[in-house]
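What follows is one structure encoded as structure tokens, with my remarks underneath.
In each ligand, atom 1 is the first atom listed, and ligand 1 is the first ligand listed.
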Amino acid sequence: MVDTKNQYHKIKPEIDNAVLQVMESSAFINGKIVQDFAAHLSSYLDVKHTIPCANGTDALQVAMMALDLQPGDEVITPSFTYIATTEVIALLRLTPVFVEVDPKTFCMDPAALEKAITPRTKAIVPVHLYGHAAPMEEIMAIAAKHNLFVIEDNAQAIGCDYTFSTGKKKKTGSIGHIGTTSFYPSKNLGAFGDGGAIFTNDDALAVKLKMIANHGQSKRYYHDLVGCNSRLDSVQAAILDIKLKHLDEYIIARRKAADFYDKAFAGNKNIITPFRAPYSYHVFHQYTLQLDGINNPATVRDALNEFLAKNSIPSMIYYPVPGHRQKVFEQYSAKTLHMPTTDWLTERVISLPMHTELDDDQLAFISSKVLEFINNNS
Ligand SMILES: Cc1ncc(COP(=O)(O)O)c(C=O)c1O
């Protein structure tokens, strides 16, 4: 699905040199490079504070811990997302409340969000899924009306610009009260191991987030809050600092690959290509098709997945089981929830290889194989 090896080879001297410098410095934890990377990322996102941490799941956990939520408080999040988004809600003894997504953008449906709000609701976690922004202007307006916190799960959309109705642009992750991201190697800004970060423009929240990610201390061995140990190490920070300089060109390469796929599938009545809402600069973490007008879509989609594999083309189903149908969430009566859009998508989505190193020959081969299968099975 990704080609991190060729991507590395293009910037190998820079990366190797940066890693060697960390070795020489022996500042493996909390070295200057971690602070430098955080400052560079803050300036890229135009956000006041970046708190690096160990991974994107921790970023969400630390964010929720900083909001002083109490057991049983409800946190609204889409069902159609990766488990990390919802898992941390349950881990903190909060109650995940699943809502539908928009079938075109795959992101939280504001109407469903508003309907799900109760007196126990305390926070909303929109997810910028596959690299497309959630409708943040509407979500922030609903949050303001009901006095709710917003944590943006930006693990899949770093670099995405959100355009407000005034024409003003902001990067996703910098719009809510807190934003989070993951530097998992396959992410648009990927490390060579695990990593994550938390963003906020709120000075008081930044102090708390920093403390919680560092055992609840602001001064060494003086612990004022219950925290955890969540650090980005210096080697990863050094690598990410270099890759950050290339992020915009990486996004352009992904968008070029998406344009190629779009053209190849245009007009096919059984394939819905990814929608690009005017407010979102799609950064194509994933290129996800929906199969349409086909009987037994899940069976056909799974057969397409196998057919591609036989032709040495990877493809993935993100995600085969939505949150409201996961066994782990049964206790929240999620199984009984009626979520037709999410269920519809779950049966029909398939993601094709998407990364910075795809060339036209590869894209032509992948799309021709998809079309060959669809034409023979629709
Ligand atoms: C939407 C979403 N949220 C959170 C995460 C968690 O990130 P990590 O794997 O770095 O913990 C991921 C990463 O896979 C993700 O895709």
Side-chain angles (χ1 to χ4, degrees), residues 1-2 4 37 41 50-65 75-92 96 98-99 101-102 105-108 123-134 136 139 150-160 172-173 175-176 178-199 213 228-233 235-237 239-240 243 254 274 280 282-288 316-323 326 328-329 342 345-346 349 351 354-355:
M1 294 297 284
V2 292
T4 46
F37 168 61
L41 191 52
T50 292
I51 296 110
C53 65
N55 55 63
T57 311
D58 274 12
L60 286 158
Q61 182 186 319
V62 171
M64 283 178 214
M65 287 170 78
V75 179
I76 301 177
T77 186
S79 174
F80 196 67
T81 181
Y82 182 53
I83 191 74
T85 317
T86 43
E87 179 182 45
V88 294
I89 302 172
L91 181 76
L92 295 172
F98 297 110
V99 292
V101 291
D102 177 292
T105 65
F106 304 104
C107 294
M108 184 180 269
I124 307 165
V125 186
V127 182
H128 305 302
L129 203 75
Y130 303 153
H132 190 288
M136 288 308 294
I139 292 171
V150 176
I151 302 171
E152 294 173 79
D153 183 346
N154 198 32
Q156 299 192 5
I158 196 132
C160 171
T172 53
I175 304 166
I178 305 180
T180 64
T181 203
S182 161
F183 302 125
Y184 185 79
S186 62
K187 293 289 190 261
N188 286 24
L189 180 58
F192 287 10
D194 274 313
I198 313 163
F199 314 109
C228 55
N229 176 20
S230 191
R231 300 187 281 238
L232 180 71
D233 69 66
V235 169
Q236 300 310 332
I239 292 165
L240 288 164
K243 290 185 78 178
R254 286 172 177 272
S280 170
H282 204 318
V283 296
F284 286 99
H285 176 55
Q286 300 297 342
Y287 185 87
T288 304
M316 292 291 284
I317 315 304
Y318 300 122
Y319 298 93
V321 184
Q326 293 285 359
V328 66
F329 294 132
T342 297
L345 290 174
T346 301
V349 288
S351 300
M354 171 49 72
H355 54 83

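Legend: residues meeting side-chain hydrogen bond (donor to acceptor under 3.5 Å, both in side chains) with Gln156, ordered by chain and number and at least two apart, are Tyr319. Scanning for side-chain hydrogen bond (donor to acceptor under 3.5 Å, both in side chains) contacts around His285 gives Asn188, with sequence neighbours left out.
Between Ser182 and ligand 1, an N or O atom pair is found at a separation short of 3.5 Å. Considering backbone and side-chain atoms alike, Tyr184 places every N or O at 3.5 Å or more from each N or O of ligand 1. Between Asp194 and ligand 1, a contact under 3.5 Å exists for no N or O pair.
Considering only non-hydrogen protein atoms, atom 15 (C) of ligand 1 sits nearest to Ala155 CB, 3.5 Å. Scanning the protein for heavy atoms near atom 8 (P) of ligand 1, the closest one is Gly56 N, 3.4 Å. Of all protein heavy atoms, the one lying nearest to atom 13 (C) of ligand 1 is Lys187 NZ, 3.0 Å. In terms of protein heavy-atom proximity, atom 11 (O) of ligand 1 is nearest to Thr57 OG1, 2.5 Å. When hydrogens are left out, the protein atom nearest atom 3 (N) of ligand 1 is Asp153 OD2, 2.7 Å; that is the closest non-hydrogen contact. If you check which protein heavy atom lies closest to atom 12 (C) of ligand 1, you get Tyr82 CD2, 3.5 Å. The protein heavy-atom contact nearest to atom 16 (O) of ligand 1 is Gln156 NE2, 2.9 Å.
Of all heavy-atom pairs spanning Val62 and Cys228, the tightest one is CG2-SG, 3.8 Å. Residues Ala157 and Val283 approach most closely at CA-CG2, 3.7 Å, considering heavy atoms.
Proximity to Ala84 (heavy-atom distance under 4.0 Å) selects the following atoms of ligand 1: 4 (C), 5 (C), 6 (C). In summary, the atoms of ligand 1 found under 4.0 Å from a heavy atom of Asn55, numbered by their order in the structure, are 10 (O), 11 (O).
Note: Asn154 CG to Ile175 CD1 = 8.5 Å, rounded to the nearest 0.5 Å.
Classified by interplanar angle (parallel below 30°, tilted 30° to 60°, perpendicular above 60°), the ring pair Phe80/Phe106 is parallel.
Between the side chain of Glu152 and the main chain of Val127, no donor-acceptor pair closer than 3.5 Å is present.
Taking the six-membered ring for Trp and the full ring otherwise, Tyr184 and Tyr82 have centroids separated by 6.0 Å or more.
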